[in-house]
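Naming convention: chains lettered A, B, ... in sequence-line order (proteins, then strands); numbering from 1 in each chain.
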Number of protein chains: 2
Amino acid sequence: MGVTKSEIFTQEQNNLAKIAKVLGHPARIAILQHLFKINSCVCGDLVEVIGLAQPTISQHLKELKNLNLIKGNIEGTSVCYCIDQENWKEIRILLNNFLNFNSNSSNCC
Amino acid sequence: MGVTKSEIFTQEQNNLAKIAKVLGHPARIAILQHLFKINSCVCGDLVEVIGLAQPTISQHLKELKNLNLIKGNIEGTSVCYCIDQENWKEIRILLNNFLNFNSNSSNCC
DNA sequence: TTATTATATTGCAATATTACGATTAATAAT
DNA sequence: ATTATTAATCGTAATATTGCAATATAATAA
């Protein structure tokens, strides 16, 4: 059906999956890495940096914004994007909690 | 087109995205959480635990196996699944590196 | 051999995603 | 006012994903 059955999962599971899903595209990873690297706002040059068409980048930015991974501020004709630091902290905690669940390595296989 | 342009991204970006993509479904998160929780193999009861049809679970398990997040060992008529500890360590490092890229919080927006 | 049990594969319908050309909206420059 | 410039939105084609029924496969049990 192409539609995920979110009802049968916990909030946390749906949340984790949603965040991971947004990170599940190299263009969005590249955008985030660029924002981290320059450590400030980016106004406009993302299309050149990434190498996809402008509407495509705009779409990816929208998805990142929807989950509050980034923020956008209008600055004249252009828009400045940067990491949403507060939310990013929470996301990092959420993902780290999952990643470090323990791994007692009591492997039986 | 529905097809990702991986050629224009770095190996690391594609790698990160691939892993995140697999984590981007609540059923697969739930499977991993269950494997972590019981901290050993699971033989068979995943279908009941998760609550999706058997072919659907089998498909999700396949995707997790393809990226070496889990291992499967045949045990008589059933198959036992567990976290692939070695690979999991690498994945954790890869994701942690990305998540903790710095966040100097020199927010300009 | 013939069930039985457990998992994988196939095929398919419904929906989602990716990418981009064309267009639009909003401001800036002339 | 007219003309850039910048980014969002719309529309659409190609492809991917999700979920399951039906079926296949593989190993053991009767």
Side-chain angles (χ1 to χ4, degrees), chain A residues 1-9 13-14 17-31 34-35 41-67 69-82 109, chain B residues 1-9 13-14 16-31 34-35 41-67 70-82 109:
Chain A
M1 296 150 179
V3 68
T4 298
K5 280 194 163 178
S6 345
E7 331 87 61
I8 68 172
F9 300 105
Q13 285 163 347
N14 282 316
K18 250 200 282 191
I19 291 165
K21 197 173 186 179
V22 167
L23 298 178
H25 193 288
R28 295 192 288 266
I29 294 284
I31 289 170
H34 186 66
L35 289 178
C41 292
V42 154
C43 301
D45 50 348
L46 273 173
V47 172
E48 295 141 58
V49 170
I50 309 292
L52 289 169
Q54 181 267 322
T56 310
I57 296 293
S58 191
Q59 214 172 256
H60 285 306
L61 287 169
K62 195 178 174 185
E63 285 175 79
L64 290 169
K65 245 190 309 187
N66 281 345
L67 282 187
L69 301 204
I70 63 173
K71 289 191 293 187
N73 278 61
I74 298 168
E75 203 114 327
T77 44
S78 61
V79 178
C80 286
Y81 288 104
C82 61
C109 308
Chain B
M1 297 148 179
V3 68
T4 298
K5 279 191 165 180
S6 345
E7 330 87 61
I8 67 172
F9 300 105
Q13 286 163 346
N14 283 316
L16 267 166
K18 250 199 281 190
I19 290 165
K21 196 174 188 179
V22 166
L23 297 178
H25 193 289
R28 295 192 288 265
I29 294 284
I31 289 170
H34 186 65
L35 290 179
C41 293
V42 153
C43 301
D45 51 347
L46 273 172
V47 172
E48 295 140 58
V49 170
I50 308 293
L52 290 170
Q54 180 267 323
T56 310
I57 296 293
S58 190
Q59 214 172 254
H60 285 307
L61 287 169
K62 194 178 173 184
E63 284 175 79
L64 291 169
K65 244 190 309 185
N66 280 345
L67 282 187
I70 63 173
K71 289 191 292 186
N73 278 61
I74 298 167
E75 201 114 326
T77 45
S78 60
V79 178
C80 287
Y81 288 105
C82 62
C109 308

E63(A) versus H60(A): any side-chain heavy-atom pair under 4.5 Å? yes

Which residues within residues 59-67 of chain B lie with some heavy atom under 4.0 Å of an atom in DNA chain C? K62(B), K65(B)

Can you figure out which of dT7(C), dT18(D), dC10(D) approaches the side chain of P55(A) most closely? dC10(D)

Set out, in order, the CA-CA distance, both residues' side-chain angles and the distance that settles side chain to side chain contact (heavy atoms under 4.5 Å, CB included) for L52(A) and F9(B), then state yes or no. CA-CA 11 Å; L52(A) 289 169; F9(B) 300 105; 4.1 Å; yes

Base, sugar-phosphate alone, or nothing: which one does I57(A) contact when heavy atoms must sit under 4.0 Å apart? nothing

I would like to know whether L23(A) and L16(B) meet side chain to side chain contact (heavy atoms under 4.5 Å, CB included); could you show each step before the answer? CA-CA 8 Å; L23(A) 298 178; L16(B) 267 166; over 6 Å; no

Would you say a side-chain N or O of Y81(A) is under 4.0 Å from OP1 or OP2 of dA8(D)? yes

Between T56(B) and dT18(D), does any side-chain N or O lie under 4.0 Å from OP1 or OP2? no

Could you tell me whether the side chain of N66(B) reaches within less than 4.5 Å of the side chain of V22(B), counting heavy atoms only? no

If you compare every side-chain N and O of S58(B) against the phosphate oxygens of dA8(C) (OP1, OP2), does one of them come in below 4.0 Å? yes

Sorted by chain and residue number, the salt bridge (Lys or Arg N to Asp or Glu O under 4.0 Å) partners of E75(B) (sequence neighbours excluded) come out as none

Quick note, R28(A) side chain, CB onward, closest among dT18(C), dC20(D), dG19(D) is dT18(C)

Step-by-step side chain to side chain contact (heavy atoms under 4.5 Å, CB included) determination, K62(B) to S58(B): CA-CA 6 Å; K62(B) 194 178 173 184; S58(B) 190; 6.0 Å; no

DNA chain D nearest-nucleotide lookup for V47(A) and K5(A): closer to the 5′ end is V47(A)

Between K21(A) and dT17(D), does any side-chain N or O lie under 4.0 Å from OP1 or OP2? no

Nearest-0.5 Å distance that lies between atom NE2 in H34(B) and atom CD1 in I29(B): 15.0 Å

Report, as a single string ordered 5' to 3', how protein heavy atoms within less than 4.0 Å touch nucleotides 25-30 of chain D: B base, S sugar-phosphate only, - not at all. --BS--

Ignoring hydrogens and angles, does a donor from either the side chain of Q54(B) or the base of dA6(C) sit under 3.5 Å from an acceptor on the other? no

Quick check on I8(A): does its CD1 atom have over 12 non-hydrogen neighbours (other residues, nucleotides or ligands) under 6.0 Å away? yes

Spacing of L52(B) atom CG relative to dT7(C) atom P, expressed in whole Å: 16 Å

